[in-house]
There are 2 protein chains.
Amino acid sequence: MGIDDHSELDALPPGLASAWDVVDTSTRRGRKPAHSVDEIVAAATALADRDGIAAASLPKVAARVGVTTNALYRYVSSKEELIVLVADRAWGAAPTLPLDDWRGAATLWPHRLRDRFLARPWLLDVPTTVPLTPHTAAWLDALIVALAPTGLPARQVLYSAYLLDSHARYDANLRRNAPTPSALSAAHPDRRRRVRGFLDTQLRARSLDAVADVMQDPSFVADATTNDGFEFGLARILDGIEAHVSGGSPPAR
Amino acid sequence: MGIDDHSELDALPPGLASAWDVVDTSTRRGRKPAHSVDEIVAAATALADRDGIAAASLPKVAARVGVTTNALYRYVSSKEELIVLVADRAWGAAPTLPLDDWRGAATLWPHRLRDRFLARPWLLDVPTTVPLTPHTAAWLDALIVALAPTGLPARQVLYSAYLLDSHARYDANLRRNAPTPSALSAAHPDRRRRVRGFLDTQLRARSLDAVADVMQDPSFVADATTNDGFEFGLARILDGIEAHVSGGSPPAR
DNA sequence: ATGCACTGTTCATGCCATGCACAATAACTC
DNA sequence: GAGTTATTGTGCATGGCATGAACAGTGCAT
């Protein structure tokens with residue numbers, strides 16, 4: 001118990017201590033808080049769900065809670081911290097995976113992850129510099145446990161988890177930017193075709209015919225619902241891991 | 001030549017027309033522009049290189065060019081357009097890939113891509129909603145051409161490119177957030193250890209031992225230079241693609 | 001020569017994150 | 001019970017951002 005007895009918590013990245021629920025709200029002196037961190041985070045989440053991450057600004061959140069902007073700083077030290085809490089809340093509970101079928105688990109996990117991103121697309125806009133929070137840790141934990149039967153060393157299990165995480169995020173991002181069927185038939189019926197025409201012209205003018213050709217492919221033309229790139233990529237990843245697991249030389253290290 | 005003779009260009013996403021160089025600067029009447037789009041984009045790039053994407057704000061760019069903020073709107077229609085141009089510029093020329101060795105090409109390409117991201121980490125912060133621009137198209141074209149020998153249908157070639165793109169981005173992002181060796185030895189010698197200790201405690205308190213264990217692994221403790229997750233993941237992806245290419249049933253469609 | 005199109009500046013608006021001082025409040029101390 | 005003290009919510013304030021509108025200068029086209 002030296003001079004920095006409590007600096008253990010002070011030195012943490014923004015939101016970490018709050019996210020892991022290590023704040024002693026006991027025996028506090030002055031005026032009682034009229035709200036709670038949870039309430040504020042919930043309000044911010046609702047705003048983000050409705051209008052994207054930019055809508056979760058401090059003034060808007062404060063208005064929704066019914067309080068002045070600066071009052072939020074009594075609950076959250078910065079906007080960055082708020083975002084960390086909102087993001088962790090948005091992850092929700094980790095999926096339950098089979099423990100005797102690693103390939104099944106490694107199929108289910110990225111599907112569930114991608115579903116989370118599709119349900120809350122603004123999660124893709126959360127800066128990736130966020131620290132490890134309870135829900136994200138739980139997701140990772142579930143996958144690591146389910147991959148144990150592979151017998152891979154811890155390091156390679158983690159790397160495999162990275163592959164699956166990356167794939168789910170990437171696909172969710174592609175889908176978010178892809179047009180939805182409703183958007184296709186609605187507002188701009190031929191605008192999309194015009195853009196495609198423009199790009200085709202420009203691409204061929206620069207001898208980028210391979211890209212131009214691929215843009216003619218149904219997968220590029222199709223809307224978000226008919227995209228099967230996720231399954232294809234996932235199958236390659238799992239095949240690659242499986243080949244490494246079964247056929248591989250005794251894992252180094 | 002109807003009422004919307006030139007609306008072909010007007011309806012394009014921000015920056016597209018400008019990025020593909022389809023602006024007629026000929027026979028213009030009034031005062032001659034004192035600067036150029038290229039100069040402005042270069043200034044913004046320099047700022048982003050120095051202090052990240054947030055430093056490429058319109059006031060800062062304008063100050064660097066030596067002009068008022070609003071003067072930039074004579075060259076660029078919005079900040080979004082500027083970012084599109086800056087991003088395309090940052091990609092630079094696509095790599096030259098071997099055309100008779102698809103696996104070699106599929107190894108080289110993501111390495112080069114990741115190098116680009118490491119050289120300009122702020123590229124990871126560019127919103128992914130940007131349209132296809134000349135340099136990104138050239139990168140994609142190079143890879144697609146090099147993957148032709150696989151004999152895969154166009155759609156699957158594109159999906160394979162997605163896998164490699166995703167992997168390179170993800171790894172670059174991991175490395176960016178990882179501590180650099182200099183940062184490790186410098187400023188905060190034991191702060192990192194403290195955060196790790198905090199997380200370990202919290203993780204085990206919630207029975208997330210698998211994650212806690214993995215965090216003890218050298219790959220998690222190590223700095224950015226000793227991370228070999230990129231090679232591991234790339235090998236899995238390429239193995240998965242190769243198995244699909246050689247052993248696969250005749251490609252559906 | 002004159003008009004018109006184009007540039008760059010000035011002025012202005014409405015967002016945003018955040019800091020500081022202050023009044024109201026409620027526990028703790030005596 | 002009275003005073004001290006910590007804590008909350010508010011009001012005021014600052015500096016940054018993207019962007020719009022009006023305007024004066026400038027140079028080609030007629």
Side-chain angles (χ1 to χ4, degrees), chain A residues 6 10 14-15 18 23-41 43-44 47-48 50-86 122 125-127 129, chain B residues 6 14-15 18 23-41 43-44 47-48 50-86 122 125-127 129-130:
Chain A
H6 48 59
D10 293 352
S18 195
V23 277
D24 56 342
T25 56
S26 60
T27 71
R28 297 175 80 71
R29 208 166 287 202
R31 185 170 163 182
K32 281 184 183 168
H35 307 277
S36 70
V37 176
D38 274 348
E39 185 186 349
I40 288 161
V41 172
L47 288 170
R50 183 166 298 277
D51 298 313
I53 193 78
S57 72
L58 294 187
K60 294 207 183 89
V61 171
R64 185 171 231 268
V65 173
V67 92
T68 329
T69 301
N70 280 19
L72 297 183
Y73 283 96
R74 299 298 180 188
Y75 299 89
V76 160
S77 70
S78 69
K79 164 145 190 171
E80 185 181 357
E81 174 163 335
L82 175 63
I83 294 298
V84 168
L85 298 178
V86 166
W122 48 268
D125 299 321
V126 170
T129 59
Chain B
H6 48 60
S18 195
V23 277
D24 54 341
T25 57
S26 61
T27 70
R28 298 176 78 68
R29 207 166 286 201
R31 186 169 163 183
K32 281 183 184 170
H35 307 276
S36 68
V37 176
D38 274 349
E39 185 186 349
I40 288 162
V41 172
L47 289 170
R50 183 166 299 277
D51 298 313
I53 193 79
S57 72
L58 294 186
K60 295 207 183 87
V61 171
R64 185 171 230 269
V65 173
V67 91
T68 330
T69 300
N70 279 20
L72 296 184
Y73 284 96
R74 299 296 181 190
Y75 300 89
V76 160
S77 69
S78 69
K79 165 144 191 174
E80 186 181 356
E81 175 163 335
L82 175 63
I83 294 297
V84 168
L85 298 178
V86 166
W122 49 266
D125 299 321
V126 170
T129 57
V130 300

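All chains are named by letter (A, B, ...) in the order of the sequence lines, taking the proteins before the strands, and each is independently numbered beginning at 1. When reading the values below, keep in mind they use all heavy atoms of this one structure, side chains included, and skip hydrogens, waters and symmetry mates.
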* Answer yes or no: does a side-chain N or O of B/Y73 lie under 4.0 Å from OP1 or OP2 of D/dT19? => yes
* **Value in whole Å for how far the P atom of C/dC15 lies from CG of A/D51** => 14 Å
* Going by modelled atom types, is there a donor-acceptor pair between the base of D/dT26 and the side chain of B/R31 at under 3.5 Å? -> no
* Spacing of B/K32 atom NZ relative to D/dA29 atom P, expressed in whole Å -> 11 Å
* Structure fact -> On DNA chain D, more 5' by nearest nucleotide between A/H35 and B/K79 is A/H35
* To do: State, with a plain yes or no, whether a side-chain heavy atom of B/V37 is found less than 4.5 Å away from one of B/L85.
  => yes
* Structure fact -> On a heavy-atom basis, the closest approach of A/V86 and A/A44 is CG2-CB, 3.6 Å
* Validation row: B/Y73, B/L58 side chains within 4.5 angstrom (heavy atoms) -> yes
* Structure fact -> Regarding the side chain of A/N70, the nearest nucleotide among D/dT19, C/dT10, D/dG11 is D/dG11
* side-chain N/O A/Y75 vs D/dT8 OP1/OP2, d < 4.0 Å -> no
* To do: Check the distance between D/dC17's P and B/E80's CD and give it to me in whole angstrom.
  => 19 Å
* Asked: Can you tell me how far P of D/dT7 sits from CZ of A/R29, to the nearest Å?
  -> 8 Å
* Using heavy atoms to find the nearest nucleotide of DNA chain C for B/T69 and A/L58 separately, return the residue whose nucleotide is more 5′. => B/T69
* Structure fact -> Interatomic distance, CD1@B/I40 vs CG@B/L82, rounded to 0.5 Å, equals 8.0 Å
* A/S57 vs C/dC16: side-chain N/O to OP1/OP2 distance below 4.0 Å -> yes
* Distance-only donor-acceptor test, B/R74 side-chain atoms vs C/dG8 base atoms, 3.5 Å -> yes
* Give a yes/no on whether any side-chain N or O of A/K60 is located under 4.0 angstrom from OP1 or OP2 of C/dC15. => no
